[in-house]
Amino acid sequence: MTISPLADLPDAIETLAQWFYDEWHAFDGRRMENIATQLSENLNRDFMPITFVAHRNRLPLGSVSLDRSDFPAFDYLSPWLSSLYVHPSFRGKGIGSSLVRHLQHFAVSQGIGPIYLWTPGSTQLYERCGWVEFTSATYGAQRVKLMKFSNE
């Protein structure tokens, strides 16, 4: 498995947009075209916003992004780990953890931190990567946990 910036695999945008739509449309209501446009804005290699893709022979396995904002009520916090996604066929193989750690290393190398995220689900993967829950909130109609990674 290799992790590369989406800028090196722009053909993956369509696949990622479909995955994100299928996974989160009911939660955030975004149309697939909007997701693809947003991903197109992340075609960077050394600055935000940036998306990293885990792949094997250019076949996408999962991705994660580093964005300036991801939760309107907490826009005063930045940047955000967002859209961590591993295709169900590849889950349970450490790809999610590898993507999170890759993003953390990128942020540290760029002097970026702390980093924030929100999740409606389990926090275990993030906790194993050094994240700490600091509050909870409501996003849409769903209760979410907010977490922070400090690179100190």
Side-chain angles (χ1 to χ4, degrees), residues 1-71 77-134 139 142 144-152:
M1 177 191 72
T2 304
I3 298 176
S4 304
L6 180 59
D8 293 348
L9 296 127
D11 293 346
I13 289 175
E14 188 176 323
T15 299
L16 297 179
Q18 183 67 58
W19 288 352
F20 294 1
Y21 178 85
D22 292 345
E23 185 76 12
W24 294 305
H25 175 73
F27 186 80
D28 65 18
R30 290 184 301 162
R31 293 184 14 229
M32 196 155 50
E33 298 79 19
N34 296 63
I35 297 168
T37 298
Q38 198 170 23
L39 284 165
S40 295
E41 294 168 358
N42 291 12
L43 294 174
N44 301 308
R45 289 186 176 85
D46 55 5
F47 58 91
M48 289 187 295
I50 188 168
T51 296
F52 296 102
V53 180
H55 59 98
R56 187 171 294 120
N57 298 322
R58 302 186 66 82
L59 171 71
L61 309 173
S63 70
V64 68
S65 296
L66 184 64
D67 290 316
R68 287 182 178 80
S69 65
D70 193 43
F71 194 152
L77 300 175
S78 183
W80 291 80
L81 178 154
S82 64
S83 303
L84 174 65
Y85 182 86
V86 176
H87 189 274
S89 304
F90 307 112
R91 291 181 185 165
K93 300 175 184 347
I95 296 169
S97 295
S98 294
L99 283 162
V100 169
R101 286 192 172 98
H102 186 87
L103 182 138
Q104 291 171 185
H105 289 278
F106 171 81
V108 168
S109 74
Q110 298 293 312
I112 297 169
I115 311 166
Y116 302 91
L117 67 80
W118 63 268
T119 181
S122 172
T123 59
Q124 289 180 355
L125 179 148
Y126 301 112
E127 289 167 352
R128 286 192 307 266
C129 293
W131 293 75
V132 176
E133 183 177 343
F134 67 93
Y139 195 172
Q142 194 160 7
V144 298
K145 301 164 199 99
L146 280 77
M147 301 187 80
K148 176 180 174 180
F149 174 78
S150 296
N151 55 4
E152 303 164 343

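Just so it is clear, the values below take in all heavy atoms, side chains as well, and ignore hydrogens, waters and symmetry mates.
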- M48 backbone acceptor or donor facing R68 side chain under 3.5 Å: yes
- Message: Once rounded to the nearest 0.5 Å, what's the spacing between atom CZ of F20 and atom OG1 of T15?
- Response: 10.5 Å
- Note on the structure: For residues 49-59, the side-chain hydrogen bond (donor to acceptor under 3.5 Å, both in side chains) pairs (sequence neighbours left out) are S4-H55, N42-T51, T51-S65
- Task: Would you mind listing every side-chain hydrogen bond (donor to acceptor under 3.5 Å, both in side chains) that reaches into residues 19-29, with sequence neighbours excluded?
- Result: Q18-D22, D28-R30
- For P10, which residues count as a side chain to side chain contact (heavy atoms under 4.5 Å, CB included) partner, sequence neighbours excluded? L43
- Item | Aromatic ring pairing Y139/F71, orientation class (parallel under 30°, perpendicular over 60°, tilted between) | parallel
- Task: Answer whether the closest heavy-atom distance between the side chains of L61 and V86 falls below 4.5 Å.
- Result: no
- Query: Are I112 and F47 side-chain neighbours, meaning at least one heavy-atom pair lies under 4.5 Å?
  - Reply: no
- Item | Stepwise side chain to side chain contact (heavy atoms under 4.5 Å, CB included) check, L6 with I13 | CA-CA 8 Å; L6 180 59; I13 289 175; 3.9 Å; yes
- Query: What pair of heavy atoms forms the shortest contact from P114 to P79, and how long is it?
  - Reply: O-CD, 3.4 Å
- Message: For F149 and V132: C-alpha separation, side-chain torsions, deciding distance, then whether side chain to side chain contact (heavy atoms under 4.5 Å, CB included) applies.
- Response: CA-CA 7 Å; F149 174 78; V132 176; over 6 Å; no
- Query: Which heavy-atom pair separates R128 from S97 by the least distance, and what is that distance?
  - Reply: NH2-OG, 4.2 Å
- Just do the side chain to side chain contact (heavy atoms under 4.5 Å, CB included) check on S78 and Y116 with the steps written out, would you? CA-CA 7 Å; S78 183; Y116 302 91; 5.9 Å; no
- Listed by chain and number, what are the side chain to side chain contact (heavy atoms under 4.5 Å, CB included) partners of S69, not counting sequence neighbours? D75
- Message: According to salt bridge (Lys or Arg N to Asp or Glu O under 4.0 Å), who are the partners of R31, at least two apart in sequence or on a separate chain?
- Response: E33
- Please step through side chain to side chain contact (heavy atoms under 4.5 Å, CB included) for the pair W80 and I115, ending with a clear verdict. CA-CA 6 Å; W80 291 80; I115 311 166; 5.8 Å; no
- K145 atom NZ, over 12 foreign heavy atoms within 6.0 Å: yes
- Once you round to the nearest 0.5 Å, how far does CG of L66 lie from CG of N44? 10.5 Å
- Task: Would you name the heavy atoms of T119 and T123 that are closest together and state the gap between them?
- Result: CG2-CG2, 4.0 Å
- What residue pairs, at least two apart or across chains, pass side-chain hydrogen bond (donor to acceptor under 3.5 Å, both in side chains) with a residue in residues 99-112? Q104-W131
- Looking only at heavy atoms, which two atoms of P60 and F90 are closest? And how far apart? O-CE1, 4.1 Å
- Query: Say you draw a straight line from CG of L103 to OG of S63; how long is it, rounded to the nearest 0.5 Å?
  - Reply: 11.0 Å
- Taking C-beta and beyond as the side chain, do Y85 and L16 meet within less than 4.5 Å on heavy atoms? no
- Straight-line distance of I50 CD1 to R45 CZ, nearest 0.5 Å: 9.0 Å
- Calculate, to the nearest 0.5 Å, the distance between atoms OG and CD1 belonging to S83 and I35 respectively. 8.5 Å
- Answer whether the closest heavy-atom distance between the side chains of M147 and E127 falls below 4.5 Å. yes
- Here the gap from L99 atom CG to L84 atom CG, rounded to the nearest 0.5 Å, amounts to 6.0 Å
